[in-house]
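Read the structure below first, then the notes.
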Amino acid sequence: MEAVRKEWGAWDFKDDKENRPIADFNSVEYKDLANDMIPDGSWQKDEKYVKRLIADARVLVNAMTEGIYAEYGSPLKKANGKSLSEAEKKHRSEIWNINIGNGNSKKGVANLSKGAFDGLVQKLLHALITNDEFYVVWAGHSAAAGHGNNFLQNQVMTFHKIMEPVFDKLGTRLISRNMGMGGVGTLHFSMAGKDLYGETDIIIWDSSMTEKGKPVDFFNKQVIYSGERVPLLLTAQPFKIMQETDNTAWVGNILVSDKSMLPASKNDVTEIPYAARWVNGKMPDRLKYNSICWEKRKDVTAQVKQVGHPGSQVSWHPGFLDHQFNGRKLALIVLKGLDAALNKWEEGVEKEGSPLAESYWHVGDSYKNIRKHLTTRMNKPGSKSDCKTMIPWAPRICNFAMHGFGMWHPRANIESDFLNIIHPALGGDKPHYKAKNLYSGFDLLPYKQKIPDDAIDVHAIAIATTNPPPDLDHSWNEKDDVTGISTLIAEEINQMRRLREAAMPVLGKERDNILLADDGVDKKRKMQHELRSFSDSSKNVNGTRRTAKKNDEIVPGRGWDVLQKTWDGNTCDGSAQSECHRQGNCLMTGHNDQHEDVSGDSMSGWLVFTVPKVKEGVIMVRMEWWCLKKSQLTKTYQVVDDGKTALPGNNRELTHNINKEVPHDFEMDYAVNGKIKTMNRQEWVKYTREISKNCAVWPIMDDSNFSKNNEKGKDVEVAIRFRSKTGKHEPFCISHVYYA
């Protein structure tokens with residue numbers, strides 16, 4: 001590190017005052033606190049402090065930018081020690097350019113509209129002044145998820161590794177998520193707005209192999225409608241979102257295909273900078289990946305033999321250095337935004353003093369303005385868009401923010417787990433997660449992934465500081481090893497859990513309704529439906545008894561179960577603190593994406609759940625008719641809801657013969673607040689048409705009058721059951737509930 005400090009500098013900023021008063025930014029919408037509400041003595045009002053912070057931050061941002069350039073063979077100084085000529089500097093600027101206002105360029109790092117870049121600067125200033133979180137989300141398919149590599153090698157995690165220390169030094173928490181999923185597009189998440197993706201300040205759409213057209217247009221609209229924040233949207237398919245927002249949306253694109261800034265190939269590949277070797281296509285295939293499944297450690301013992309590397313190392317999945325290159329491009333966008341934000345901050349302080357004038361950093365009016373333009377356009381009678389033809393029977397979902405609960409991972413918010421809203425059967429039985437991770441806490445950095453000593457280490461530049469290291473005892477004491485985990489590791493686990501909780505914000509008072517055990521398995525939720533006595537399980541949310549034809553009561557059934565693989569449900573949030581897939585023969589793969597479902601058949605009885613705060617009268621569910629073999633839970637049932645319980649198997653078998661899997665006498669009953677309707681087989685099958693890869697949805701409620709006098713929203717109780725005499729053990733799965 002001493003060599004890094006000498007060449008690149010080190011962070012040396014310190015506050016010379018203690019116990020400063022802290023402004024309560026959380027007391028107002030968007031944290032846009034009026035300057036006169038910021039207390040005297042706080043750092044935001046200390047002009048001397050602010051100017052020193054800006055100066056030191058500018059040095060750090062410049063060092064990071066130059067470090068990335070040097071990492072790929074474009075340093076300011078040549079190997080012979082001479083500086084670049086003015087012509088060479090100009091050429092370097094051109095090939096590494098972030099094009100502001102030129103959306104058609106095919107060369108450089110990225111294209112951003114001027115409004116988009118200004119919006120990014122405004123967001124960054126807001127985060128710096130409020131000491132807020134800053135959220136970066138990458139959405140897409142298996143290549144975006146980083147399959148074939150370890151999870152921490154994907155593009156947004158490599159971005160996070162070098163940029164998190166930068167944000168931390170500037171007083172801001174960076175939370176980055178990879179929300180990519182193999183075999184699907186983005187619709188399964190975007191149908192839930194940001195309940196599953198989480199908040200976003202920058203969101204990248206990267207799903208061109210699995211998704212095109214209408215679902216992408218829907219994605220673009222939902223990232224604007226939903227959540228608190230309107231993000232910078234980086235996408236190659238913006239559709240008409242600029243016209244539909246009257247050119248107010250913040251839109252750009254990372255130019256992932258341009259590699260012209262990389263050094264020319266040479267016969268001796270060691271003459272090419274390490275970071276560029278695979279990216280320029282000249283390294284042998286065997287070096288495309290360097291992922292592993294296990295690094296031996298004293299505190300955890302693998303239960304089964306580990307394979308050599310994660311699966312899916314196929315031709316269309318990028319290797320680790322390709323991912324890093326895209327992550328570096330994203331980092332350069334943010335670094336350019338930070339540089340502009342620091343300049344604007346300095347200019348504003350010079351003009352008007354500290355704190356910086358509200359017009360520079362308040363974001364609420366900008367968010368509201370963008371949403372107002374889109375909402376006005378989409379709700380105009382006769383308005384058209386690709387989005388509105390995606391689901392012919394539900395064009396309204398393009399007019400407002402959607403919400404949802406789901407089973408698939410990653411999932412940003414614990415409270416958006418579908419299991420949270422499912423009612424227990426008599427006796428308290430309800431679907432639940434059973435598998436859990438073998439271990440918790442951090443994974444060791446594989447020695448195989450250590451960069452060469454002669455390579456530029458941008459992460460080292462980011463973490464370099466003059467502050468002395470903490471005085472930690474790193475010795476191993478066998479007496480400390482209780483239940484296989486030392487006290488040192490236990491403290492690391494607690495720290496990881498605190499970071500993970502910070503990365504998984506919950507909505508309002510719902511946080512108090514979730515109790516998380518030490519192993520991450522949810523034990524009890526004090527939800528409305530569980531606070532009722534079991535004797536009231538046959539009553540709906542309005543307190544009236546549920547009834548159907550032939551006096552058939554709606555009572556939650558015991559035959560529903562979680563179709564699950566190998567990890568518990570609440571640790572896979574797409575962040576660097578996620579802990580996923582820590583069972584089986586590749587413990588360190590780390591990938592978050594997993595398709596889990598609530599499974600039932602004609603013997604399962606009713607699945608009953610409450611959808612909270614429905615405003616627009618829209619409820620739909622994503623289902624599968626091909627989800628698994630016969631259920632082990634209901635295989636002995638000869639009548640509905642046999643009353644017995646058993647641990648299920650996990651026999652997932654993908655079949656695509658709808659005539660075989662959906663019995664000819666199949667019917668689905670569904671109820672909204674106790675009023676039951678029935679969908680016969682012919683009607684049910686028509687909804688199996690996928691609107692995006694592996695995403696088909698069924699309507700439960702579509703009432704355009706529901707929004708009248710309903711500004712706060714109303715809880716709606718939904719019940720679903722399947723019926724068939726000839727195929728009573730044919731299973732069906734429900735993975736998501738979407739609503740507005």
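Only this structure's heavy atoms are used, side chains among them; waters, hydrogens and symmetry mates stay out.
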Subject >> Nearest non-hydrogen partners of Arg92 and Leu76, listed with the distance >> reply: NH2-CD2, 3.4 Å

**OP:** Using salt bridge (Lys or Arg N to Asp or Glu O under 4.0 Å) as the criterion, point out the one residue from Asp593, Asp417, Asp573 that pairs with Arg411.
**Re:** Asp417

Subject >> Qualifying salt bridge (charged side-chain N to carboxylate O under 4.0 Å, His left out) pairs with a residue from residues 305-324, counting only residues at least two apart or across chains >> reply: Lys259-Asp322

**OP:** Please say whether more than 12 non-hydrogen atoms of neighbouring residues, nucleotides or ligands are located less than 6.0 Å from NZ in Lys450.
**Re:** yes

**OP:** List in chain and number order the residues that pass side-chain hydrogen bond (donor to acceptor under 3.5 Å, both in side chains) with Trp96, two or more places apart in sequence or in another chain; answer none if no residue qualifies.
**Re:** Ser74

Subject >> Ala127 to Thr172 - nearest heavy-atom pair and separation >> reply: O-OG1, 3.2 Å

Original post:
Can you tell me if Asn437 uses its side chain to pair, donor with acceptor, with the backbone of Ser440 under 3.5 Å?
Top reply: no

Original post:
Can you find a heavy atom in the side chain of Ile456 that is under 4.5 Å from one in the side chain of Trp8?
Top reply: yes

Subject >> Derivation of the side chain to side chain contact (heavy atoms under 4.5 Å, CB included) call for Val562 and Phe418 >> reply: CA-CA 11 Å; Val562 174; Phe418 180 35; over 6 Å; no

**OP:** Report yes if the side chains of Leu330 and Gln155 come closer than 4.5 Å at any heavy-atom pair, otherwise no.
**Re:** no

**OP:** Would you check if the side chain of Asn149 reaches a backbone N or O of Pro318 as a donor-acceptor pair within less than 3.5 Å?
**Re:** yes

**OP:** Using side-chain hydrogen bond (donor to acceptor under 3.5 Å, both in side chains) as the criterion, list what pairs up with Asn150, not counting sequence neighbours.
**Re:** Gln449

Subject >> Side-chain donor or acceptor of Ser575 paired with backbone N/O of Arg177 under 3.5 Å >> reply: no

**OP:** Mind checking side-chain hydrogen bond (donor to acceptor under 3.5 Å, both in side chains) for Thr235 and listing every partner two or more places apart, or none if nothing turns up?
**Re:** none

Original post:
Is a side-chain N or O of Gln306 found less than 3.5 angstrom from the main chain of Gly584, in a donor-acceptor match?
Top reply: yes

**OP:** Looking only at non-hydrogen atoms, find the nearest pair between Glu596 and His409 and report the distance.
**Re:** OE1-CE1, 2.6 Å

Original post:
Tyr69 versus Glu71: any side-chain heavy-atom pair under 4.5 Å?
Top reply: no

Subject >> Donor-acceptor side-chain pairing of Glu211 and His141 below 3.5 angstrom >> reply: no

Original post:
Does Lys169 NZ have over 12 foreign heavy atoms under 6.0 Å away?
Top reply: yes

Subject >> Residues His595 and Ser735: side-chain donor-acceptor under 3.5 angstrom >> reply: no

Original post:
Do any pairs count as a ring-ring contact (aromatic ring centres under 6.0 Å, His included) and have a residue in residues 155-193, sequence neighbours left out, and if so which ones?
Top reply: Phe134-Phe167, His188-Trp408, Phe189-Tyr197

Subject >> Audit row: Lys434, Asp561, salt bridge (Lys or Arg N to Asp or Glu O under 4.0 Å) steps and yes/no >> reply: CA-CA 10 Å; Lys434 291 164 284 295; Asp561 197 49; 3.3 Å; yes

**OP:** Decide whether a cation-pi geometry holds between Arg297 and Phe442; the criteria are a distance under 6.0 Å from NZ or CZ to the six-membered ring centre and an angle within 45° of the ring axis.
**Re:** yes

**OP:** Scan side-chain atoms only and decide if Gln577 and Thr571 contain a donor-acceptor pair under the 3.5 Å cut-off.
**Re:** no

**OP:** Quick one: list whatever passes side-chain hydrogen bond (donor to acceptor under 3.5 Å, both in side chains) with Asn467, sequence neighbours left out.
**Re:** Lys14, Thr465

**OP:** Kindly check if the number of other-residue, nucleotide or ligand heavy atoms within 6.0 Å of NZ (Lys6) is above 12?
**Re:** no

Original post:
Between the side chains of Asn253 and Asn111, does any donor sit under 3.5 Å from an acceptor?
Top reply: no

Original post:
Side chains of Asn592 and Ser578: donor-acceptor distance under 3.5 Å anywhere?
Top reply: yes

Subject >> From CA spacing to verdict: side chain to side chain contact (heavy atoms under 4.5 Å, CB included), Thr200, Arg229 >> reply: CA-CA 6 Å; Thr200 58; Arg229 309 174 187 212; 5.7 Å; no

**OP:** Tell me, with the steps shown, if Asn694 and Arg622 meet side chain to side chain contact (heavy atoms under 4.5 Å, CB included).
**Re:** CA-CA 10 Å; Asn694 199 4; Arg622 181 199 172 275; 3.0 Å; yes

**OP:** Just do the side chain to side chain contact (heavy atoms under 4.5 Å, CB included) check on Thr65 and Leu332 with the steps written out, would you?
**Re:** CA-CA 7 Å; Thr65 304; Leu332 287 170; 4.0 Å; yes

